[in-house]
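Just so you know, these numbers use all the heavy atoms, side chains as well, and skip hydrogens, waters and symmetry mates. All ligand and atom numbering here is 1-based and tracks the order in the structure.
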Amino acid sequence: MVVTRFAPSPTGFLHIGGARTALFSWLYARANGGKYLLRVEDTDLERSTQAAVDAILDGLNWLGLTPDEPPVFQSIQADRHRQVAEELVTRGAAYHCPVTPAELQARRDEAEALRTKKAADGGLSDEDAQRLDELLKPYRSPWRDGRPLPDGAATVVRLRMPDEGSLTVNDRVQGPVTLRYAELDDLILLRSDGTPTYMLAVVVDDHDMGVTHVIRGDDHLTNTFRQTPIFQAMGWDAPVYAHVPMIHGPDGKKLSKRHGALGVDAYRDMGYLPEALCNYLLRLGWSHGDDEIISQEQAIEWFNLEALNKAPARLDFDKLNAVNAHYMAQADSDRLSDLYFAREEAQGLSETERSRIRAAMDVLKTRAGTVAALHDASRFLHEIRPIRLEGKAAKLLSEEGKQRVRDLVSRFGEVTDWSDAILKQVLTRYCEEMGIGIGKVGPLLRAALTGGAPAPDISIVLELLGREESLSRLSDQLN
Ligand code: GLU
């Protein structure tokens with residue numbers, strides 16, 4: 001069975017890059033009748049916070065990417081990680097190493113000094129050059145081949161990288177990638193205080209959770225070369241890897257805050273719908289022909305690793321807005337009303353305004369691109385009487401303009417079936433009888449009814465405001 005996982009480090013919010021990784025992992029599991037798991041990689045106790053864990057879980061819930069099983073917290077598995085490290089030592093695939101951080105630092109300092117010397121003197125003696133080469137090579141401890149340890153020395157456990165040969169990872173996005181073992185450090189698995197390193201923990205957990213497919217950002221591609229030898233040394237099958245290119249800003253540069261490298265909660269606050277964000281994130285790195293609007297059902301049917309893009313995707317707010325507008329228009333009107341009423345800017349709305357907005361939502365949702373934009377789109381439904389007209393709008397209310405409003409108030413006053421279609425007929429008939437174009441009354445009515453707030457067609461505005469409110473707003477202008 002296919003088992004995927006999303007493995008965020010809880011050091012901040014659920015970033016949209018992470019959300020996309022989670023989405024791909026979720027979809028791949030759904031597409032293959034598999035399982036999608038969540039692992040909270042909280043081994044960095046200093047940087048991990050409960051607030052970040054909550055923000056991540058909340059973000060995933062909002063997007064509908066809740067894991068199929070309760071989350072695994074990596075820090076709780078530390079004993080198991082230690083046990084595997086010791087098992088690797090027993091197997092001869094790892095070793096205890098007493099070299100201290102200070103000694104390692106001394107090596108780095110020596111290398112730095114030689115580099116400085118090289119730059120200053122324009123070269124090095126053969127002996128120094130050889131020494132620098134040696135120091136710059138991936139680390140191989142003198143204790144890797146069984147040299148007896150000094151008594152009582154604190155040790156770290158290091159993986160013993162194979163002496164020769166190379167490792168090829170058949171990445172499902174990047175294709176085959178090969179690295180010689182000589183280019184890889186004898187990496188640390190357990191620190192001298194006994195805490196497991198991230199590299200060890202990931203491997204053990206992926207194995208123990210039965211993960212078959214790892215979909216993650218391509219910033220982790222190099223880690224694969226450190227992780228695969230651990231799987232091999234334990235005789236475990238390594239998962240299939242798919243390293244997805246990063247999301248870039250519209251200018252092709254690394255995504256920054258300015259570009260929208262925000263938490264998904266920020267997208268929620270901006271008024272995007274979760275299904276729209278999922279659709280957009282799916283297209284941002286995966287494609288199915290030229291399809292832009294892809295429902296969740298279609299995504300589950302179509303999703304595969306082959307169509308993941310090899311090139312970095314660019315975040316494009318215009319596209320996101322277009323996708324969101326599509327989902328807004330399709331969304332259930334009551335749901336949208338509830339989402340809007342829960343927002344801060346809707347807190348001052350009266351009961352009357354709320355019920356007008358709720359009743360108007362079928363129209364409003366086709367005009368507002370986001371839940372946040374519903375505020376502006378529904379402003380004409382607020383209790384704004386008496387509407388004070390200024391400038392150009394006030395000029396429309398000339399004597400002639402007032403006469404037309406008076407005429408229309410009396411004609412609308414006779415309408416019993418207060419509907420868009422009938423009101424439109426009344427308006428058209430009036431214009432025909434007066435021998436004037438609709439342009440002579442449209443702007444006038446619009447100003448008197450909305451005070452210039454964004455609004456749909458006049459006959460629709462009349463219907464949405466209702467008979468009493470419409471006639472009152474118009475009559476106000478006659479005083
Ligand atoms: N915890 C890592 C991160 O947040 C992900 C590790 C992985 O997916 O293997 O970048």
Exercise for review: Rounded to the nearest 0.5 Å, what's the gap from CZ on Phe13 to CD1 on Ile56? Could you check?
Suggested key: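 Phe13 atom CZ to Ile56 atom CD1 measures 10.0 Å (nearest 0.5 Å).
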[atom]: nearest protein contact (heavy atom, Å):
atom: atom 6 (C) of ligand 1; answer: Tyr198 OH, 2.8 Å
atom: atom 10 (O) of ligand 1; answer: His220 NE2, 2.8 Å
atom: atom 5 (C) of ligand 1; answer: Ala7 O, 3.2 Å

**Study point:** Numbered atoms and elements of ligand 1 in range of Glu41, under 4.0 angstrom, heavy atoms
**Key:**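 Selected atoms, number and element: 1 (N), 2 (C), 5 (C), 6 (C).
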Check your understanding: By number and element, which atoms of ligand 1 are closer than 4.0 Å to a non-hydrogen atom of Ser9?
Key ->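 Taking each heavy atom of Ser9 in turn, ligand 1 has 1 (N), 2 (C), 3 (C), 4 (O) under 4.0 Å.
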Would [X] and [Y] pass as an ion pair if we require N to O under 4.0 Å?
X: Glu112; Y: Arg115; result: yes
X: Asp186; Y: Arg160; result: no
X: Asp205; Y: Arg80; result: no
X: Arg140; Y: Glu183; result: no

Exercise for review: Tell me whether the centres of the aromatic rings in Phe24 and Phe303 are closer together than 6.0 Å.
Suggested key: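 Yes, they do, as the ring centres are separated by less than 6.0 Å.
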Check your understanding: Are the ring centres of Phe231 and His207 closer than 6.0 Å?
Key ->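 No - the distance between ring centres of Phe231 and His207 does not fall below the 6.0 Å cut-off.
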Check your understanding: Heavy atoms only: which of Gln74, Met199, Arg216 is nearest to atom 9 (O) of ligand 1?
Key ->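 Nearest option to atom 9 (O) of ligand 1, by heavy atoms: Arg216.
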Practice item. Quick one: look at Tyr241 and ligand 1, take heavy-atom pairs under 4.0 Å, and tell me if it's side chain, backbone, both or neither. Key: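 Looking at Tyr241 and ligand 1, no heavy atom falls under 4.0 Å.
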Check your understanding: What do you reckon, does Arg5 have a nitrogen or oxygen under 3.5 Å from a nitrogen or oxygen of ligand 1?
Key ->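 Between Arg5 and ligand 1, an N or O pair is found under 3.5 Å apart.
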Point to revise | Polar contact flag for Val202 and ligand 1 (N/O pairs, less than 3.5 Å) | key: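 Between Val202 and ligand 1 (N or O atoms, distance only) the closest approach is not under 3.5 Å.
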